[in-house]
Protein chains: 2
Amino acid sequence: MKPLLYALLGLPLLFSGRLYAQAPPVHFVNTLMPQPQSLTVSDGWLPVTSAWTVSLNGSENALLKSATNRMLTRLESMTGVELSRDLQQPAQALVSIEIKDSSLTMPALGIDESYTLDIRAGKVQLQAANVFGAMHGFETLLQLVQASGDGFSLPFVHIQDAPRFPWRGLLLDPGRHFLPVDVILRNLDGMAAVKMNVLHWHLTEDQGFRVESQRFPKLQQLGSNGLYYTQDQIREVVKYATERGIRVVPEFDMPGHSTSWFVGYSDLASAPGPYHVEYQNKIYDPAMDPTRESTYRFLDSFIDEMTTLFPDDYIHIGGDESNGKQWKENPSIQHFMQQHNLKDTAALQAYFNARVQELLKKHHRQMVGWDEILQADLSPDVVVQNWHGIEFLINSARQGHHGLLSKPFYLDHMYSAAEMYAADPVPADAGLTDAQAKLVLGGEACMWGEQVTGLIVDSRIWPRTAAVAERFWSPANTRDTQDMYRRLQVESLRLDALHLTHLSGPERGLRQIAGSEEGAESLSVLASVLQPVDFHERYAEQHTSQRTPIGHLVDFVHPDPPMKEALAAMVETYLHSTDPAEHKNALAALESLFQSWVSSRPALDQLAVDHPFIAEMQQRREQLPRLGLLGLESLGYIEAKQHPSAAWLDQQKQLLSDAGKHVELTDFVVLDPLNALLDNISATK
Amino acid sequence: MKPLLYALLGLPLLFSGRLYAQAPPVHFVNTLMPQPQSLTVSDGWLPVTSAWTVSLNGSENALLKSATNRMLTRLESMTGVELSRDLQQPAQALVSIEIKDSSLTMPALGIDESYTLDIRAGKVQLQAANVFGAMHGFETLLQLVQASGDGFSLPFVHIQDAPRFPWRGLLLDPGRHFLPVDVILRNLDGMAAVKMNVLHWHLTEDQGFRVESQRFPKLQQLGSNGLYYTQDQIREVVKYATERGIRVVPEFDMPGHSTSWFVGYSDLASAPGPYHVEYQNKIYDPAMDPTRESTYRFLDSFIDEMTTLFPDDYIHIGGDESNGKQWKENPSIQHFMQQHNLKDTAALQAYFNARVQELLKKHHRQMVGWDEILQADLSPDVVVQNWHGIEFLINSARQGHHGLLSKPFYLDHMYSAAEMYAADPVPADAGLTDAQAKLVLGGEACMWGEQVTGLIVDSRIWPRTAAVAERFWSPANTRDTQDMYRRLQVESLRLDALHLTHLSGPERGLRQIAGSEEGAESLSVLASVLQPVDFHERYAEQHTSQRTPIGHLVDFVHPDPPMKEALAAMVETYLHSTDPAEHKNALAALESLFQSWVSSRPALDQLAVDHPFIAEMQQRREQLPRLGLLGLESLGYIEAKQHPSAAWLDQQKQLLSDAGKHVELTDFVVLDPLNALLDNISATK
């Protein structure tokens with residue numbers, strides 16, 4: 001029986017994923033993230049069916065084969081359509097995949113990542129320069145799949161795509177809080193989904209040395225509290241990343257941020273030991289001794305060993321926040337500085353950097369460092385990663401250095417996706433020449449580890465990092481923030497399908513605090529309008545350390561939660577739409593939302609009796625219903641075209657001002673639109 | 001400032017986990033699961049504070065130290081209270097932990113698993129015979145923690161506890177669908193939480209050989225499609241299990257269920273190859289050749305290698321569903337049977353079993369097998385695992401064999417927790433002597449792998465298996481089903497805190513199908529009243545194979561979902577409670593629930609337009625609002641003491657009968673209470 005007949009006879013289309021019917025979706029909705037360089041859509045849809053066949057030109061490339069299988073598996077689990085893995089000849093295949101250079105098996109900076117994707121009647125054609133471009137094409141293909149009641153289909157499109165920047169990174173910091181391997185792996189999946197290509201792995205810190213060295217085993221044995229990656233695990237991560245077109249750039253922070261090295265090898269330090277692994281979040285004094293040849297012999301051997309684990313051309317040496325204190329206090333180092341005419345500790349660090357760079361060169365590695373390493377005589381082939389502000393990046397480009405932008409992409413600063421999206425590694429007004437602009441390789445979203453564990457780190461990274469990834473990949477003029485947010489919501493669910501825990505983790509957290517699924521629903525009314533305060537504010541309020549237990553409400557609210565944009569859009573429509581129906585719908589939606597805040601009170605009060613983590617949110621619990629009332633009453637005045645008393649207006653402004661304070665480790669994300677409502681009301685004269 | 005002052009001054013008790021205040025919870029609510037052998041509660045509460053100190057008598061036992069640290073970490077993440085890891089002398093310590101025999105470092109069948117736990121003012125005292133009893137005590141301790149707005153506390157209790165049965169197992173079957181290591185590890189955490197102590201790891205099947213052999217590498221290289229556990233991973237699992245007091249009993253199924261062995265080593269089989277890894281769910285003919293000495297030489301060497309990975313005294317040899325077909329068709333095997341006076345294939349299998357048992361003995365292992373191995377001359381020290389029905393188990397005990405009960409605990413048969421809870425490995429009416437009863441070692445919940453993947457397996461196992469665990473641990477007279485369900489709800493959240501995915505997995509699945517969080521809420525109204533059909537019914541409807549994609553709605557509904565018990569209880573209260581307030585509340589709750597079913601229609605219709613997996617649930621989508629109407633109208637008739645027409649009544653009965661059919665791979669779980677409502681209505685005469 002044909003599918004159409006099922007429909008005519010009124011029979012259920014049972015498991016119609018296999019019986020794709022006649023009516024595909026009619027509108028193509030562009031949810032691609034990042035947006036491609038060019039996209040042409042034409043009328044027509046290609047159904048996903050179990051009759052699909054695949055050809056691989058370049059199948060001798062093992063990465064291409066495994067990437068194709070992974071793509072098919074994801075397509076299967078999305079659609080429920082069983083797909084064959086037997087390869088066909090291109091002429092016979094519905095899906096033709098073709099790479100020009102099948103010899104490339106390791107991603108590297110600057111390789112050609114372009115691809116073209118054609119979907120038309122009976123044909124999907126993906127062409128790429130190499131396997132890594134093909135991987136990007138696979139992600140685009142999967143993002144194009146559209147569901148309807150009748151099945152799954154792909155729109156007829158022609159896409160030509162290539163990245164704007166060659167270095168699109170995410171920094172993960174297991175130094176402060178160790179991140180188990182599965183956390184790293186699933187985040188690699190997330191990165192690949194949005195076409196990022198560098199994992200910057202911050203492996204050493206005062207608070208922990210996280211990589212196994214067989215030559216210097218006391219590094220991890222004494223420097224990690226037992227939490228480190230074995231060499232097998234490192235190899236697993238590098239392999240997993242490579243299979244997804246992602247380079248792994250390890251960071252071994254030196255000369256500062258290095259206490260954990262000295263626990264096992266105190267001779268490396270600039271002051272006598274003993275040292276112990278630190279757990280507080282602050283800048284520590286210990287630094288390597290740059291004046292002793294033994295330091296460089298150690299690093300030479302260590303780097304040599306690390307190059308067997310990390311095949312990428314680049315190694316990051318940190319270089320940040322070395323305060324020079326141990327150097328100033330050590331007479332022999334002071335003597336060395338005089339002898340070598342090094343006028344200050346910055347000059348001594350420059351000397352150290354130059355020595356380390358020599359070692360890296362010897363081992364065929366290029367150096368990356370934070371912007372403190374930018375000194376007058378810095379070798380031009382060093383990559384400077386900016387964290388102090390874009391002006392430093394622009395400066396370093398003017399001086400002829402390769403650079404990376406990070407500062408606006410510090411995820412622990414809780415910037416909104418919109419704020420990060422607006423930042424550009426090469427701002428139009430920077431006045432860089434084309435050659436200088438080319439020195440900006442891209443940037444990195446940075447997930448520093450002081451206030452996150454594997455339990456919550458995904459929700460701090462995603463989905464915001466998808467907006468950053470689009471900034472690094474898509475053309476500079478792709479800047480429509482509202483459209484970005486629309487697609488970000490879709491991307492968030494795609495990342496969820498990859499088993500990232502940015503949605504499920506906070507949901508579990510609320511459930512645990514609330515003690516039941518029903519309680520979690522009540523609690524989520526409060527959680528939906530809050531976000532964590534930024535890194536500095538949290539540190540000031542809580543003095544977080546490595547030992548601070550994670551699991552309070554702050555840990556389960558999202559930075560830049562969907563409610564922020566949603567409420568802003570509703571209020572905007574309500575106040576400014578000229579379409580009466582739109583206006584009316586917005587009013588109804590606002591009333592219902594504000595009402596839910598007002599009625600949250602009894603359930604939240606009960607939860608506060610039951611659990612200290614809700615009890616402690618006393619101000620936020622009290623402010624929420626009052627904000628709801630503010631909203632409802634404002635709508636009332638506006639609708640009735642009435643004027644409240646001046647006292648009422650003062651009271652509301654006071655409420656918004658109180659609610660705007662950083663308290664209980666959280667910030668409201670709904671105050672701007674409420675302010676906008678109030679601005680439309682004037683008091684009686 | 002003291003906490004009390006905060007309260008007096010009206011200041012928020014910010015992060016009061018650290019500032020435990022004066023008002024602990026007043027009622028002790030027993031949520032222990034499994035229930036202990038004896039429990040005495042007295043008035044008083046011990047607050048959990050950062051002043052807690054711990055002493056360990058037996059700290060030279062590394063397992064005890066790591067288990068204590070894990071317990072403290074879990075307590076920290078539950079309470080947000082930072083706890084010291086520095087050990088104190090018993091006299092100074094608030095928490096004293098003491099084991100009598102600190103030499104035991106490997107769990108084994110029949111070890112003393114008892115413990116006593118005392119909590120009183122200023123003191124927690126845990127005593128156990130060995131580290132594994134102490135681990136059970138830790139789980140009990142964590143289950144006792146009670147939250148209130150003011151903080152966390154433990155009730156004053158005296159608990160003496162020990163298991164009823166020494167073998168409390170869970171079977172996991174990566175043979176049919178491979179289960180990644182992290183799935184195994186988190187399920188070990190779940191098992192430990194409910195004091196289970198045997199992982200029965202079904203490692204080989206027609207559909208896959210899942211363990212790395214270095215002596216016979218073609219076993220996994222050709223027999224697994226690349227999905228197998230490396231020896232490192234096996235060691236990791238065994239270590240993780242050992243650290244949680246769990247024995248790992250590997251199963252190498254033979255002589256049948258063994259196609260995957262023959263892909264690499266066809267000489268082992270009773271018919272010439274070539275063989276390939278199978279993917280369908282059925283009983284295959286291939287079986288090992290029991291007549292060739294080379295078979296036993298192979299097994300001898302294989303078992304020898306496996307004993308280096310699996311330290312437990314027991315090895316499971318399967319022995320089930322060997323259909324004898326290859327043996328009957330092989331003239332040389334027929335000849336052998338005549339020569340050895342083996343009258344049928346069952347006798348040949350008994351011969352094979354005896355030979356294998358000799359090999360196991362040589363390697364100091366005891367044999368376990370499914371109940372097909374129970375033959376007249378079976379050696380008495382073999383453990384027979386029952387899967388055909390409890391009468392076989394009773395029989396085998398009468399014949400002097402050790403036995404395990406599994407049949408009522410087949411998780412893929414979708415029995416309710418109540419049904420499994422009611423089954424007893426030694427039924428009171430079995431008429432076994434005490435000595436015979438002692439031969440019943442316990443039982444196992446069996447999670448067969450045909451219709452589950454790592455994505456959904458947790459939701460098939462948990463929380464139901466906690467009820468099975470209680471059956472195996474608690475006294476035989478612990479049988480209050482309603483009370484079990486009350487505690488099961490709490491246990492489910494505890495398992496969720498251990499990162500089992502029985503709640504988060506289905507939530508993610510609904511979100512993915514519905515395309516948004518809001519859509520998932522609408523869809524959950526339908527999902528909450530459905531459960532998957534049982535294994536046989538699903539196979540009949542869908543012909544599931546290893547390649548069947550997982551991800552339809554059936555995969556994200558729960559067996560025995562909470563709604564089942566909840567609705568039954570509501571209707572029971574509504575119909576039979578003599579308390580008018582209770583009656584009224586039940587009425588209101590029922591009305592609101594039925595109303596939500598009625599109003600589910602538009603949202604579900606829209607979702608069905610958007611996604612084929614909802615479109616295909618056509619009957620269930622249509623029945624749900626009609627069932628809601630049935631409920632509302634029934635309540636109306638009962639409340640008004642009116643009689644509907646006979647036609648109305650017939651129509652409702654027809655609806656219930658239609659809804660009771662197995663369709664769309666799902667069953668409604670709400671029909672019994674609806675029937676009970678209807679039974680209270682009689683038609684006009």
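Here is how names work: the chains are called A, B, and so on, in the same order as the sequence lines, proteins then strands, and each is numbered from 1.
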Heaviest contributor of heavy-atom pairs below 4.5 Å to chain A, chosen from B:E507, B:R511, B:R494, B:M78, is B:R511
So which of B:V490, B:L455, B:L503, B:T501 has the largest heavy-atom pair count under 4.5 angstrom toward chain A? B:L503
Heavy atoms only: give me the nearest [X]-[Y] pair and the separation to one decimal.
| X | Y | value |
| --- | --- | --- |
| A:R508 | B:D496 | NE-O, 2.8 Å |
| B:A615 | A:G149 | CB-O, 3.3 Å |
| B:G80 | A:F613 | N-CZ, 3.6 Å |
| A:S504 | B:S504 | CB-CB, 4.2 Å |

Let me confirm one number: the [atom1]-[atom2] distance from [X] to [Y], rounded to the nearest 0.5 Å.
| X | Y | atom1 | atom2 | answer |
| --- | --- | --- | --- | --- |
| A:D182 | B:H499 | CG | NE2 | 10.0 Å |
| A:D232 | B:T230 | CG | OG1 | 9.0 Å |
| A:N225 | B:R85 | CG | CZ | 11.0 Å |

Apply the test side-chain contact (heavy atoms from CB on, under 4.5 Å) to residues A:E517 and B:Q489: give CA-CA distance (whole Å), side-chain angles for both, the deciding distance (0.1 Å), then the verdict. CA-CA 10 Å; A:E517 300 261 8; B:Q489 289 279 83; over 6 Å; no
Given heavy-atom pairs under 4.5 angstrom as the criterion, report whether the side chain, backbone, both or neither of A:L493 touches chain B. both
Using non-hydrogen atoms and a 4.5 Å limit, figure out which bit of A:A497 sits close to chain B: side chain, backbone, both or neither. both
Strictly less than 4.5 Å between heavy atoms, which residues of residues 70-77 of chain B line up against chain A? Please order them by number. B:E76, B:S77
Contact check, side chains of B:S148 and A:H611, non-hydrogen atoms, under 4.5 Å: no
